[in-house]
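Here is the structure we will look at, set down as structure tokens.
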Amino acid sequence: MAKNIDTSSLHTDTQLTLAGRRPEWTGIENHPSAVVTPAVWRASTHLYPDMAALRAGHAYNEDGRFYYGRRGAPTQWALAEALTQIEPGAAGTVLYPSGLAAISGVLLAVLKPGDVLLMTDNAYEPSRTLGNGILKTIGVETRWFDPTDLAGFEAAICERTAAVLLESPGSLTMDVQDVPAIAAICRDRGITSIIDNTWASPLGFAPLPHGVDITLMALTKHAGGHSDVMMGSASAGPEWYDRLRRHAQQMGTVVSPDDAALVLRGLRTLSLRLERETASALTIAQWLSARPEVARVLCPMLPGAPGHELWRRDFTGGCGLFSFVLRGGSSAARDALIDTLSLFGIGYSWGGFESLATPLDPARVRTASAWPLAGMEAEDRFGVRLSIGLEDPRDLIADLEQALGVWAAQG
Ligand SMILES: *Cc1c(COP(=O)(O)O)cnc(C)c1O
């Protein structure tokens with residue numbers, strides 16, 4: 001982009017190809033041509049022409065102005081700018097060295113001693129650990145609520161409730177929350193609403209126009225997309241963005257330019273990968289739901305599955321992450337099923353180009369909501385979470401078919 005293009009009115013897919021490619025980050029001053037992708041700017045010291053310019057630096061605090069390495073350089077700015085551009089309603093984006101660092105960074109910026117944090121019961125497990133750990137040590141009390149019980153959520157609010165952490169769908173059991181309703185209640189009561197939007201990304205769900213104050217993502221998952229980089233982000237409107245940014249600066253939060261370049265590269269194909277993953281996941285979820293070994297498919301994109309109505313109402317897209325629960329069986333039999341899979345890697349994380357499988361044991365982590373879910377049999381407890389990658393879904397189905405066969409033979 002040797003030309004400076006106003007991308008604000010363009011569609012997201014077009015923005016994804018242009019975002020962050022400012023002429024001053026891809027070209028050389030007074031030189032007419034430019035490279036496509038911003039270079040990796042490795043920098044601690046930023047140099048000033050004179051003392052007046054060094055002193056003048058104190059007056060500003062924004063991406064795109066050289067100051068010092070901890071405030072980033074063009075590579076990180078390009079990524080932050082691209083993320084802000086695809087996040088409707090965002091004034092800016094703060095980058096964190098991991099998704100969990102984004103969660104802890106945001107919560108520590110929002111909460112103070114004496115506050116109560118309401119956290120959805122289907123939250124990512126390290127978010128729970130944070131509530132039971134560091135937040136507790138600094139005098140913040142975390143309480144959990146049933147993600148699908150709106151009245152229960154409202155009843156759980158007290159005078160000290162300062163913030164709510166949502167995750168919809170929850171990245172294990174995929175329960176979809178009524179985010180607009182929860183956000184509206186929060187707004188009424190002066191409670192800060194925060195959502196972990198890693199599952200959908202802004203391409204599938206735009207939290208800020210739905211009334212949420214702060215949206216965060218593990219860029220490690222879809223944005224990176226290649227299982228080779230860790231990063232997180234938080235985006236918000238002007239007021240919260242400024243607070244998050246200043247808090248992150250006090251904490252010394254900074255990401256490496258090499259990592260930022262990798263995530264920016266991943267972002268270019270995000271839409272395409274999500275589309276393919278979603279289509280494959282739906283095919284596989286449909287196939288699983290017809291299998292006698294499967295008690296329940298937890299995939300909100302699937303008609304008839306839990307959360308599907310809310311998903312259809314609020315979301316514009318999905319992804320390849322969903323779970324299924326086996327009919328009866330044991331934890332050991334489920335583990336053997338996962339061991340039998342050959343195309344699915346066994347490992348944490350998701351959102352990469354390659355498929356993964358992990359065990360699903362919600363009973364171990366839920367405290368405020370039922371498991372098995374309402375309508376499920378008590379013995380249907382053990383599940384598998386799949387992250388569907390870019391393989392041909394016919395090969396993935398064949399792999400699942402042979403593994404289910406081995407599972408069934410164990411009786
Ligand atoms: C993986 C994940 C995170 C944490 O991201 P890391 O980069 O691994 O720290 C946060 N939220 C959700 C929903 C996740 O799946």
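This structure is a prediction, so every number in the text was calculated from the model and none was measured. Order of appearance sets the numbers: ligands from 1, and atoms from 1 within every ligand. All residue numbers in this chain count up from 1 along the given sequence.
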Item checked: Salt-bridge contact Arg381-Asp361 (side-chain N to carboxylate O under 4.0 Å) -> no
Closest non-hydrogen atoms of Cys299 and Phe322, given as atom of the first, atom of the second and distance, are CB-CB, 3.6 Å
If we number the atoms of ligand 1 from 1 as shown, the ones under 4.0 Å from a heavy atom of Trp350 are 15 (O)
If we number the atoms of ligand 1 from 1 as shown, the ones under 4.0 Å from a heavy atom of Glu167 are 13 (C)
Quick look: Tyr348 vs ligand 1, heavy-atom contacts under 4.0 Å, and the answer is neither
*Does an N or O anywhere in Lys221 fall below 3.5 Å from an N or O of ligand 1?*
yes
message: Under a 4.0 Å threshold between the charged nitrogen and the carboxylate oxygen, would Arg71 count as salt-bridged to Asp63?
response: no
Ranked by distance from atom 13 (C) of ligand 1, the top protein heavy atom is Asp196 OD2, 3.3 Å
So is Trp199 close enough to ligand 1, meaning a heavy atom under 4.0 angstrom away? no
Centroid-centroid under 6.0 Å between Trp199 and His222 rings = no
Salt bridge Arg327-Glu379, side-chain N to carboxylate O under 4.0 Å | no
For atom 7 (O) of ligand 1, the closest protein heavy atom turns out to be Thr220 OG1, 2.5 Å
**Study point:** Cationic N near anionic O, under 4.0 Å, Arg245 to Glu62
**Key:** no
Query raised in the report: Non-hydrogen atoms of Leu216 versus ligand 1: any pair closer than 4.0 Å?
Result: no
The side-chain contact (heavy atoms from CB on, under 4.5 Å) partner of Phe153 among Asp178, Leu118, Thr148 is Leu118
shortest atom 9 (O) of ligand 1-to-protein heavy-atom contact is with Leu100 N, 2.8 Å
For Ile103, the atoms of ligand 1 under 4.0 Å from one of its heavy atoms are 10 (C)
Checklist entry - Between Phe66 and His46, what is the ring plane arrangement, given parallel below 30°, perpendicular above 60°, and tilted in between? => result perpendicular
The answer for which part of Leu219 has a heavy atom under 4.0 Å from ligand 1 is neither
Is Gly99 close to ligand 1, meaning an N/O of one under 3.5 Å from an N/O of the other? yes
One finds that the ligand 1 atoms under 4.0 Å from a non-hydrogen atom of Met230 are 6 (P), 7 (O), 8 (O)
Check Asp175 with Arg366, please: is the shortest side-chain N to carboxylate O separation under 4.0 Å? yes
- Message: Can you confirm, on distance only, whether ligand 1 has an N/O atom lying under 3.5 Å from any N/O atom belonging to Ala101?
- Response: no
**Study point:** SB check Glu141 Arg143 (cutoff 4.0 Å)
**Key:** yes
The answer for which part of Ser171 has a heavy atom under 4.0 Å from ligand 1 is side chain
